[in-house]
Chemist: 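I'd like to ask some things about the structure below.
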Amino acid sequence: MKMLVEKFLKDLKSIVEKDFSVELNFKDYEILSFTDFGDISTNISFQIAKSVKKNPLKIAEEISEKLAKDYGYKSEPVKPGFINIFFDDKEIFKECEKIVSGNRYGEKENNNKKVNIEFISANPTGPLVLVNLRAGVSGNMLYNVLKYSGYNVERENYINDAGNQIYNFGASILYHIAKNKPENFPENGYKGNYVKDISNKLKENIGEVEYNDEYIKKAADFGKEFILNWQKESLKKYSIDFENWIFESEVRKKYLDGVLEKLSEKGFTYSKDNALYLKTTLFGDDKDRVIIKSNGEYTYFLPDIAYHFYKTERGFERIIDILGPDHHGYIPRLNAAIKMVSERDIKFDVIIAQLVTIFKDGQKYEMSKRTGEFITLDELSEEIDPDVLKFTILSRKLSQPFNFDIEKVKEKSMDNPVYYVQYSYARLSSLFDKANTDIKDISFDYENFENIDLRKISKKLLEFPYIVYNLSDSYELQKVPNYLIELSSLINQFYHDYRIIDENRKEMIKKISVLFSAREILKIGLSLMGITIKERMYKDEV
RNA sequence: GCGCCUGUAGCUCAAUUGGAUAGAGCAACGGAUUUCUAAUCCGUAGGUUACAGGUUCGAUUCCUGUCAGGCGCACCA
């Protein structure tokens, strides 16, 4: 069943293509906007003005006329060249019916385009912290959003369980319990208290240990397992999930040699000063990068290439990495690597999730895994409702660094926008119980609203799918929470201004038909964000 | 020095990807409830969008320069 706006766009495009002979390759969001000037508006006249060589206003007039004549739309060309479109009330009611029909309104059918999203990928050497959560809830939401928009998505967490870091981690664990430990704590070791806990557990497990390579590896393995389980537990509290957990150790075994061979066969590598270089400059990098050091060890980059090769091998049309800001210099390299190892044209996007700075009592809270100074996700989830955290994080543009004051978030928790949205939902739920109605009682067959505020709400609902679709290109997830706040505001205003449960059952059901669908949109929106939906909410229960 | 991100109300952030009058929450002040949840609603105040130019029908958004902050520039990971 086509949505009202969807059908309009199709009709508009066919007018432009037929009567103006312009080939339209605009994305919907480039020509469509939801404003107060009409039910929807389009700037299409401006977009095609150059190629048509006409005045935008003139174009708008012509299109508007066609829209009326050929398709029966009510529209209005306006000042510089916008066209405002007005839908019949009857049709908007029909949209409400679609919203409550049981399927998720606006959700597209599977288009069989495979997308891979990698996020978090924290080293298995310590617990998860707030920056990981930002990537985690964002990646999870992006997954939901892309699925809604028809993509076939897989979430992936990459575990760096090989290389120097993990060795240092093993050494740090062993240090606390080995008899013949060295005088100094391992260089680049891990100092947090949790390391000592792991040491003690290891000792309980295998008894006396000596400080040598064999035991360091055992300690590293033990520590890795411990940390991974810990991380999984932490993620559970936020309902963050992955289809795939990929281990660097496996990738090294299975793909590294092949990739190395492939790169040299294609002539992308060369030796210099006993090291092996990759010609990443061929694909826009600043300089060529070392992949095998002069001492024979691999750099971090090589297994990463192998990993991304493994991604391309699985038939993804789009690959998305969510990385921290400290990795932005890494992007040209990865880009080049993907072009080198893949035979297909793959869309590769790196989303940089900017830093979150924690403030406590107005003081900046410095964190570092190495020194062991940090606040873990577990500690955060004890202090702050996970829904509050998610909403707060997702309301902010990923490209924007943000300051997170723990005390303030806690203080404000009562007035937090997440409760505002959840409350609107719960309020409607309880209203529907009292009204004692069912969707089956509603025909959605009304000629007009006779209530401008009711119409305002239902008009807002038409916008929702387009908010979500756009995210597949822009990745600006904050649009959804912002939209939900706006919708909730309309709902609360309406609730305040009008009596809904009424003697006049016909009037009541008319209002409820719209409110039912509004509640459904809130539900879809919250579920995309991974936020709990509450049927009941009372202040004293917090 | 080079690259990336950022600069919007007192604070935290938005602004339909160049659109029509730059908006929310918090904080401040004033008001609304015998009625379906006051976790609500209404109002007041708060802005030269860091600064200076440029591009065009139109700029918070794009370009150039300046200033300020964060991050990154390894044969570390």
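Because only heavy atoms are used, hydrogens play no part in the values below, and waters and symmetry mates are left out as well, while side chains stay in.
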Chemist: Please report, rounded to the nearest Å, how far the P atom of B/rC36 is from the NZ atom of A/Lys510.
Modeler: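 Spelled out: NZ on A/Lys510 to P on B/rC36 is 24 Å.
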
Chemist: Regarding A/Asp161 and A/Arg252, does a basic nitrogen lie under 4.0 Å from an acidic carboxylate oxygen?
Modeler: no

Chemist: So, are A/Asp273 and A/Lys293 salt-bridged, with charged N and O less than 4.0 Å apart?
Modeler: no

Chemist: Verify whether the ring centers belonging to A/Tyr469 and A/Tyr466 lie closer than 6.0 Å.
Modeler: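 Judged by ring-centre distance (under 6.0 Å), A/Tyr469 and A/Tyr466 do meet the cut-off.
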
Chemist: For B/rA39, is there a stacking contact with A/Tyr538, counting only centres under 5.5 Å and planes under 30°?
Modeler: no

Chemist: Any ion pair linking A/Glu30 and A/Lys27 (charged N to carboxylate O, less than 4.0 Å)?
Modeler: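 No.
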
Chemist: Is it true that A/Phe494 and A/Tyr498 have ring centroids separated by less than 6.0 Å?
Modeler: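 Ring centres of A/Tyr498 and A/Phe494 closer than 6.0 Å.
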
Chemist: Could you check which residues of residues 490-500 of chain A get a heavy atom under 4.0 Å from RNA chain B? Sort them by number, please.
Modeler: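 Close to the strand are A/Asn492, A/Gln493, A/Tyr495, A/His496, A/Tyr498, A/Arg499, A/Ile500.
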
Chemist: Show every donor-acceptor pair shorter than 3.5 Å between a side-chain atom in residues 323-335 of chain A and any protein atom, with sequence neighbours excluded, or say none if there are none.
Modeler:
from: A/His328; atom 1: ND1; to: A/Pro325; atom 2: O; distance (Å): 3.0
from: A/Tyr330; atom 1: OH; to: A/Asp304; atom 2: OD2; distance (Å): 3.0

Chemist: What do you reckon, are the aromatic ring centroids of A/Phe82 and A/Phe46 less than 6.0 Å apart?
Modeler: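 So the answer is yes for these two rings.
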
Chemist: Do A/Tyr29 side-chain and B/rU16 base share a donor-acceptor contact under 3.5 Å?
Modeler: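 Check fails, no donor-acceptor contact within cut-off.
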
Chemist: Tell me the interatomic distance from A/His328, atom NE2, to B/rG70, atom P, rounded to whole angstroms.
Modeler: 15 Å

Chemist: Hey, are A/Lys54 and A/Glu62 close enough for a salt bridge, meaning a charged N less than 4.0 Å from a carboxylate O?
Modeler: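 The answer is yes: the pair qualifies as a salt bridge.
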
Chemist: Identify, between A/Arg289 and A/Phe82, the residue whose nearest nucleotide on RNA chain B lies closer to the 5' end.
Modeler: A/Phe82

Chemist: Using the benzene-type ring in the case of Trp, are the ring centres of A/Phe404 and A/Phe359 under 6.0 Å apart?
Modeler: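 Distance test on ring centres: not under 6.0 Å, no.
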
Chemist: Which part of the nucleic acid, if any, lies within contact of A/Ala426, taking any heavy atom under 4.0 Å across all strands shown: a base, the sugar-phosphate backbone alone, or nothing?
Modeler: base

Chemist: Could you give the distance separating B/rA28 and B/rA9 at their C1' atoms, to the nearest angstrom?
Modeler: 13 Å

Chemist: Could you give the CG-to-C1' distance, from A/Asp326 to B/rC5, as a whole number of Å?
Modeler: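 Between C1' of B/rC5 and CG of A/Asp326: 13 Å.
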
Chemist: Enumerate the protein-to-nucleotides 10-13 of chain B contacts in which both atoms are nitrogen or oxygen and the separation is below 3.5 Å.
Modeler:
from: B/rU12; atom 1: O2'; to: A/Arg396; atom 2: NH2; distance (Å): 2.3
from: B/rC13; atom 1: OP1; to: A/Asn403; atom 2: N; distance (Å): 2.8

Chemist: Is the base of B/rU44 syn or anti, where syn means the angle lies within 90° of 0?
Modeler: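 In terms of base orientation relative to the sugar, B/rU44 is anti.
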
Chemist: Looking only at N and O atoms, is any donor in the side chain of A/Asn43 or the base of B/rA20 less than 3.5 Å from an acceptor on the other one?
Modeler: no

Chemist: Please state how far atom CD in A/Gln478 lies from atom P in B/rU17, giving the value in whole angstrom units.
Modeler: 13 Å

Chemist: To the nearest Å, how far apart are A/Phe432 CZ and B/rU37 P?
Modeler: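 In whole Å, B/rU37 P and A/Phe432 CZ are 12 Å from each other.
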
Chemist: Both distances under 3.5 Å, Watson-Crick or G-U wobble: report the partner of B/rG19, or none.
Modeler: B/rC57

Chemist: If you look at every strand shown and take non-hydrogen atoms under 4.0 Å, does A/Asn160 touch a base, only sugar-phosphate, or nothing?
Modeler: nothing

Chemist: Taking atom P of B/rU55 as reference, at what distance in whole Å does atom CZ of A/Phe46 sit?
Modeler: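 Rounded to whole Å, this separation is 20 Å.
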
Chemist: Mapping A/Pro56 and A/His327 onto RNA chain B by nearest heavy atom, which one lands closer to the 5' end?
Modeler: A/Pro56

